Amino acid sequence: MKYTQLGRTGLKVSRLVLGTMNFGPQTDETDSHAIMDSALAAGINFFDTANVYGWGENKGRTEEIIGNWFAKGGERRDKVVLATKVYGNMAADGDAWPNHDKLSALNIRRAVDASLKRLQTDYIDLYQFHHIDRSTPFEEIWQAIDTLVQQGKILYVGSSNFPGYKIAQANEAAARRGGTIGLVSEQCLYNLAERRAEMEVIPAAEDYGLGVIPWSPLHGGLLGGVIKKEVEGGRRASGRAADTLASPAGRAQIQAYEDLLEKHGIEPGEAALAWLLTRPGVTGPIVGPRTAEQLDSAIRAVELELSEELLTGLDEIFPGPGPSPEAFAW
């Protein structure tokens with residue numbers, strides 16, 4: 001496994017991030033524990049989750065599965081850089097009581113203690129804001145975070161799904177407070193098929209020293225050989241992937257992608273991950289395996305070298321938007 005620093009911090013993390021969103025809803029606890037053991041054995045030390053994972057009546061279940069794995073011992077907790085998130089409504093029926101969601105100081109305090117209990121740990125390495133809160137000023141948010149850092153409950157703070165201007169606002173507010181390191185990472189939707197983050201989010205992250213952690217690196221399976229699997233009678237596309245394939249132009253684009261990679265003898269999913277690892281500012285993509293085989297495929301991507309010819313071909317099929325403001329101004 002290869003490692004890098006998380007943004008401007010001294011924290012060393014693996015270039016693949018183990019995403020755990022499937023733990024509980026799609027992967028049972030026994031198999032989830034086996035996947036985490038395999039990830040750790042392969043050198044993946046960066047695990048990502050969120051308080052709402054488990055969804056519906058089972059919100060928090062994913063953190064519980066991870067906590068039970070930590071409780072097995074074997075230095076599991078000490079070896080893992082643990083990231084979780086706060087913002088979401090934790091009510092099973094979706095009807096949150098006032099101050100039981102978003103980023104008020106009260107909810108941050110309540111949410112971190114609940115996550116620590118589920119995770120069976122006394123600290124969180126990276127505590128991430130799952131979304132912007134348009135109602136809470138960053139001065140209040142940072143005051144709450146500073147208290148948690150002083151208490152030793154969290155070490156670093158990151159954002160997720162933030163636009164570039166909110167990354168700037170957050171870190172300027174932190175700078176005004178003094179003594180606050182501010183955001184150190186941004187977790188955003190970024191992959192070959194969805195490159196809008198290149199306009200402002202990634203440049204803002206680079207300017208402020210944030211590591212970029214792409215989620216959905218295969219765009220809901222679209223970049224994982226979806227047409228080939230469909231032809232071979234495998235798992236059918238759903239969600240974003242199905243929507244894209246329903247369009248003749250979208251289907252033709254993905255067919256061109258799969259044809260290009262077949263020519264180079266590379267599996268589509270592994271190429272999509274390897275491409276992200278070539279992108280400026282990217283710490284590592286989040287992979288969310290449902291099975292051990294999917295984890296093995298992701299691990300191979302770290303060692304995959306993409307030729308300049310292939311990178312050029314990928315850019316031709318999936319052209320990025322270009323930098324801001326040129327992309328929209330002229």
Side-chain angles (χ1 to χ4, degrees), residues 17-29 32-33 35-36 46-71 76-77 80-136 138 140-149 151-162 166 170 183-189 213 215-216 286-288:
V17 185
L18 181 67
T20 63
M21 189 169 66
N22 290 323
F23 294 176
Q26 297 190 45
T27 307
D28 66 24
E29 181 161 339
S32 297
H33 286 191
I35 289 172
M36 287 187 280
F46 199 3
F47 289 18
D48 176 75
T49 191
N51 60 351
V52 293
Y53 289 174
W55 310 110
E57 297 177 351
N58 297 310
K59 288 177 183 176
R61 176 61 182 146
T62 303
E63 286 188 332
E64 290 175 350
I65 289 172
I66 297 170
N68 292 339
W69 181 74
F70 285 148
R76 285 173 170 84
R77 177 64 189 94
V80 167
V81 175
L82 174 63
T84 192
K85 306 182 193 76
V86 58
Y87 179 89
N89 169 4
M90 292 297 290
D93 60 3
D95 187 14
W97 190 255
N99 304 310
H100 278 65
D101 63 355
K102 300 186 179 178
L103 301 179
S104 69
L106 178 57
N107 189 56
I108 288 174
R109 175 181 176 178
R110 176 184 292 115
V112 75
D113 285 341
S115 284
L116 289 171
K117 183 177 180 180
R118 287 188 293 265
L119 290 162
Q120 299 189 51
T121 186
D122 56 5
Y123 71 101
I124 293 163
D125 298 284
L126 178 65
Y127 202 46
Q128 301 164 110
F129 307 136
H130 212 161
H131 198 275
I132 62 170
D133 183 349
R134 294 180 173 87
S135 301
T136 305
F138 279 113
E140 176 182 345
I141 293 170
W142 286 124
Q143 179 176 296
I145 292 300
D146 287 348
T147 299
L148 295 178
V149 171
Q151 292 173 341
K153 293 181 179 180
I154 63 174
L155 302 182
Y156 302 94
V157 179
S159 57
S160 182
N161 307 306
F162 272 35
K166 281 295 181 182
L183 300 174
V184 303
S185 63
E186 160 60 18
Q187 188 177 135
C188 59
L189 176 61
I213 308 170
W215 62 267
S216 195
I286 297 174
V287 295

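Note that the structure is a prediction, hence the values are computed from the model and not measured.
- Summarising the geometry, atom CD1 belonging to Ile66 is positioned 4.0 Å from atom OG1 belonging to Thr49; distances are rounded to the nearest 0.5 Å.
- The distance from the CD1 atom of Ile154 to the OG1 atom of Thr147 is 9.5 Å, given to the nearest 0.5 Å.
- By the side-chain hydrogen bond (donor to acceptor under 3.5 Å, both in side chains) test, Ser104 pairs with no residue at all, sequence neighbours left out.
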Handout entry: Pair Asn107-Asn99, side-chain contact (heavy atoms from CB on, under 4.5 Å): steps then yes or no
Key = CA-CA 6 Å; Asn107 189 56; Asn99 304 310; 5.5 Å; no
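- Ser216 contributes no side-chain N or O that, together with a main-chain N or O of Leu189, makes up a donor-acceptor pair within less than 3.5 Å.
- At a threshold of 4.5 Å between non-hydrogen side-chain atoms, the residues Leu119 and Arg77 do not count as touching.
- Between Leu103 atom CG and Ile132 atom CD1 the span is 9.5 Å, to the nearest 0.5 Å.
- Judged purely by distance below 3.5 Å, without hydrogens or angles, the side chains of Lys153 and Tyr127 never pair a donor atom with an acceptor atom.
- Considering all non-hydrogen atoms of both residues, Asn51 and Ser115 come closest at CB-OG, 3.7 Å.
- The minimum heavy-atom distance between Tyr53 and Met21, with the atom names listed, is CD1-CA, 3.7 Å.
- Scanning both residues, Pro25 and Trp55, for their nearest heavy atoms gives CG-CD1, 3.9 Å.
- Annotation: side-chain hydrogen bond (donor to acceptor under 3.5 Å, both in side chains) contacts of Ser160 (sequence neighbours excluded): none.
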Handout entry: Residues Val157, Leu126; criterion side-chain contact (heavy atoms from CB on, under 4.5 Å); working and verdict
Key = CA-CA 5 Å; Val157 179; Leu126 178 65; 5.6 Å; no
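- Ring planes of Tyr87 and His131: tilted class, angle from 30 to 60°.
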Handout entry: CA sep, side-chain torsions, deciding dist, call: His33, Asn68, side-chain contact (heavy atoms from CB on, under 4.5 Å)
Key = CA-CA 9 Å; His33 286 191; Asn68 292 339; 4.0 Å; yes
Practice task
Walk me through it: do Gln187 and Lys85 pass the test side-chain contact (heavy atoms from CB on, under 4.5 Å)?
Solution key: CA-CA 11 Å; Gln187 188 177 135; Lys85 306 182 193 76; 3.2 Å; yes
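- For the side chain to side chain donor-acceptor pair (under 3.5 Å) with Glu63, the lone residue among Arg118, Lys117, Gln120 that qualifies is Arg118.
- Across all non-hydrogen atoms, the minimal contact from Asp125 to Val80 is OD2-O, 3.4 Å.
- Of all the heavy atoms in Gly54 and Thr62, the pair that sits closest is N-OG1, 3.4 Å.
- Residue-environment remark: CZ (Arg109) stays at or below the threshold of 12 foreign heavy atoms within 6.0 Å.
- Here the CG-CE distance, from Asp101 to Met90, works out to 11.0 Å after rounding to the nearest 0.5 Å.
- Under the side-chain hydrogen bond (donor to acceptor under 3.5 Å, both in side chains) criterion, Gln151 pairs with no residue at all, not counting sequence neighbours.
- Counting only heavy atoms from C-beta outward, the side chains of Phe129 and Val86 approach each other to under 4.5 Å.
- Atoms CD1 and CD1, from Ile286 and Ile213 in turn, are 6.0 Å apart once rounded to the nearest 0.5 Å.
- Atom CD1 in Ile145 sits 11.0 Å away from atom CD in Glu140 (nearest 0.5 Å).
- Lys166 and Asp133 are not joined by a salt bridge, as no carboxylate oxygen comes within less than 4.0 angstrom of a charged side-chain nitrogen.
- Taking the six-membered ring for Trp, Trp69 and Phe23 have ring centres at least 6.0 Å apart.
- Taking every heavy atom of both residues into account, Gln128 and Asp48 meet most closely at NE2-OD1, 3.0 Å.
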